[in-house]
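Right, one structure below, let's go through it.
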Amino acid sequence: MGILIKNGRIVTAIDEFVGDVYCDEGTIRAIGENLDHRPGDEVIDASGQLVMPGGLDPHVHMELPFMGTVSADDFESGTAAGVAGGTTSIIDFVIPARDEDLMDALAAWHDKASKAVADYAFHMAVTWWGDQTKEWMTRCVRDEGITSFKTFMAYRGAIGVDDPELIEVMKTSKELGSLVTVHAEHGDMVVELQNKLFGQGLTAPKYHALSRPPAVEGEATARALMMSRMTGQPVYVVHVTCKESVDAIIAARMNGVDVYGETCTQYLLLDDSVYDKPDFEGAAYVMSPPIRPRGHQEVLWNALKLGALHTVATDHCPFNQVGQKDRGKDDFRSIPNGAAGIENRLALLYTYGVLEDRLTLNEFVDLTSTRAAKIFGLYPRKGSITVGADADIVVWDPAASGTISAKTHAHRCDRSIFEGFETKGTPSYVIVDGRVQCREGKLDVERGAGRYLRRTLA
Ligand code: URP
Ligand code: ZN
Ligand code: ZN
């Protein structure tokens with residue numbers, strides 16, 4: 001059965017026009033005016049609504065073993081929450097333990113991801129350097145459809161790498177033509193500050209933020225980009241939160257460094273007063289890097305506009321307050337880092353970006369879908385409304401409004417870091433690979449229907 005979406009305002013990263021889109025067998029077959037359809041096809045009247053490429057979230061962690069627990073959304077519930085919010089594909093991170101065979105970790109991730117309801121790809125984290133690491137990286141690019149690697153400059157003693165290891169990753173990636181993504185925080189300084197604060201008896205969630213100030217992130221960003229410049233390896237800096245990092249990215253770009261920057265919804269919309277909430281509620285906002293003082297938000301919005309930052313992701317990595325975050329009740333260093341967000345990304349960016357005149361509709365599509373597809377080797381299959389692309393489409397009702405709450409969200413998490421945020425605009429229909437998986441706001445997803453996306457070198 002095909003699907004005809006009629007009379008919608010079709011919005012891509014560059015165009016905006018009223019027309020019809022016809023999809024069949026999971027693919028966009030035609031775009032035009034007054035398109036025909038076959039008997040039995042579903043016809044969706046999108047008059048007065050926007051028709052956009054499905055969202056692509058390039059930074060999520062489903063079912064991630066981390067800090068002694070496992071992130072609460074698995075691939076089924078997490079991709080379903082994405083679909084509820086208009087995100088139709090994700091890129092998750094395979095994160096091997098230190099000394100683990102990268103290929104064994106990849107097999108484990110494939111196993112976990114087989115229950116996804118929407119399409120998924122992987123970045124491979126290089127968490128240690130050994131005799132076989134170069135061979136494994138080569139296999140990722142040549143045989144496994146993984147064309148980007150993740151490195152953590154934070155999380156020392158666990159999944160973090162040191163500078164010589166990071167340099168090896170960059171040199172190898174340069175030979176392979178792949179991309180290196182970087183979590184930029186000065187890992188040793190974080191440990192130093194954590195221990196100093198804890199040693200003074202300061203144990204509450206707010207000290208998580210104070211142990212990871214903007215200077216710690218800015219320095220690491222600049223250092224990673226210096227390595228990028230020296231090795232000639234393009235770098236994508238994940239979850240940029242602060243002016244210091246934006247400045248480092250702009251300076252590197254001015255020096256010809258091939259660098260992309262990502263920020264996340266929470267860093268655009270929240271400020272560090274969240275850590276002052278009573279009764280350990282600040283723990284819900286413990287993530288790395290932390291939520292910053294208010295002034296940084298405007299810098300991030302401006303950097304998106306300027307083109308110094310290129311994508312808005314979520315770093316979706318939920319942990320429940322009860323049973324997970326409370327592991328760190330007496331020690332902020334033990335609070336699992338991360339929060340939920342995949343369901344809310346489009347509505348928040350539409351409400352506080354487009355409707356507040358910070359972003360155009362084309363920029364909205366680019367930042368939430370198209371640019372990530374281009375950077376990570378999925379375009380035009382994903383991130384576009386073109387004939388031949390996957391039929392991943394969001395019909396967006398701009399008139400709908402809502403209020404975000406943990407009581408009603410699809411995330412498997414007992415808290416929402418956006419609790420009480422008002423939103424305008426919501427998906428009325430979400431089509432994933434040619435199947436309507438959300439109809440008039442009601443989810444109708446199929447466990448295991450998601451496919452693994454092999455990526456090509458961009
Ligand atoms: O706090 C975070 N960001 N948790 C997920 C892991 C990471 O660093 O991206
Ligand atoms: Zn990170
Ligand atoms: Zn992350």
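Both ligands and their constituent atoms are indexed starting at 1 by order of listing.
For atom 4 (N) of ligand 1, the closest non-hydrogen atom of the protein is N337 O, 3.0 Å. Here the protein heavy atom with the shortest distance to atom 1 (O) of ligand 1 is S288 N, 2.8 Å. Protein heavy atom in closest approach to atom 7 (C) of ligand 1: Y155 OH, 3.5 Å. Looking from atom 3 (N) of ligand 1 to the surrounding protein, the closest heavy atom is D315 OD2, 2.6 Å.
Around the Zn ion (ligand 2), protein atoms of type N, O or S found under 2.8 Å number 2.
Here R381 pairs with D390 in a salt bridge; the nearest charged N to carboxylate O distance falls below 4.0 Å.
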Give the intermediate values and the outcome of side chain to side chain contact (heavy atoms under 4.5 Å, CB included) for residues I393 and Y429.
CA-CA 8 Å; I393 296 177; Y429 290 84; over 6 Å; no

Determine whether V365 and M52 satisfy the following criterion, side chain to side chain contact (heavy atoms under 4.5 Å, CB included), listing intermediate values before the conclusion.
CA-CA 7 Å; V365 172; M52 304 182 286; 3.8 Å; yes

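A 6.0 Å sphere centred on NZ of K112 holds more than 12 heavy atoms belonging to other residues, nucleotides or ligands. Under a cut-off of 6.0 angstrom, the local environment of CD in E100 is crowded, with over 12 non-hydrogen atoms contributed by other residues, nucleotides or ligands.
The contact set between ligand 1 and M287, taken as ligand atoms under 4.0 Å from a residue heavy atom, comprises 1 (O).
Exactly one of R156, R212, H239 qualifies for a side-chain hydrogen bond (donor to acceptor under 3.5 Å, both in side chains) with E185. That residue is R212. Of the candidates F152, F149, F93, F152 is the only one forming a ring-ring contact (aromatic ring centres under 6.0 Å, His included) with H183.
With 3.5 Å as the limit, one finds no donor-acceptor pair spanning the side chains of R327 and T69.
Residue contacts with ligand 1: K150 is placed with no nitrogen or oxygen under 3.5 Å of a nitrogen or oxygen of the ligand (distance criterion only).
The Zn ion (ligand 3) has an N, O or S atom of H59 inside 2.8 Å of it.
Minimum-distance N/O/S atom of H61 relative to the Zn ion (ligand 3): NE2.
A tilted orientation is assigned to the rings of Y207 and F332, their planes being inclined by 30° to 60°. Relative ring orientation between Y452 and Y120 is described as tilted, the plane-to-plane angle lying within the 30° to 60° band.
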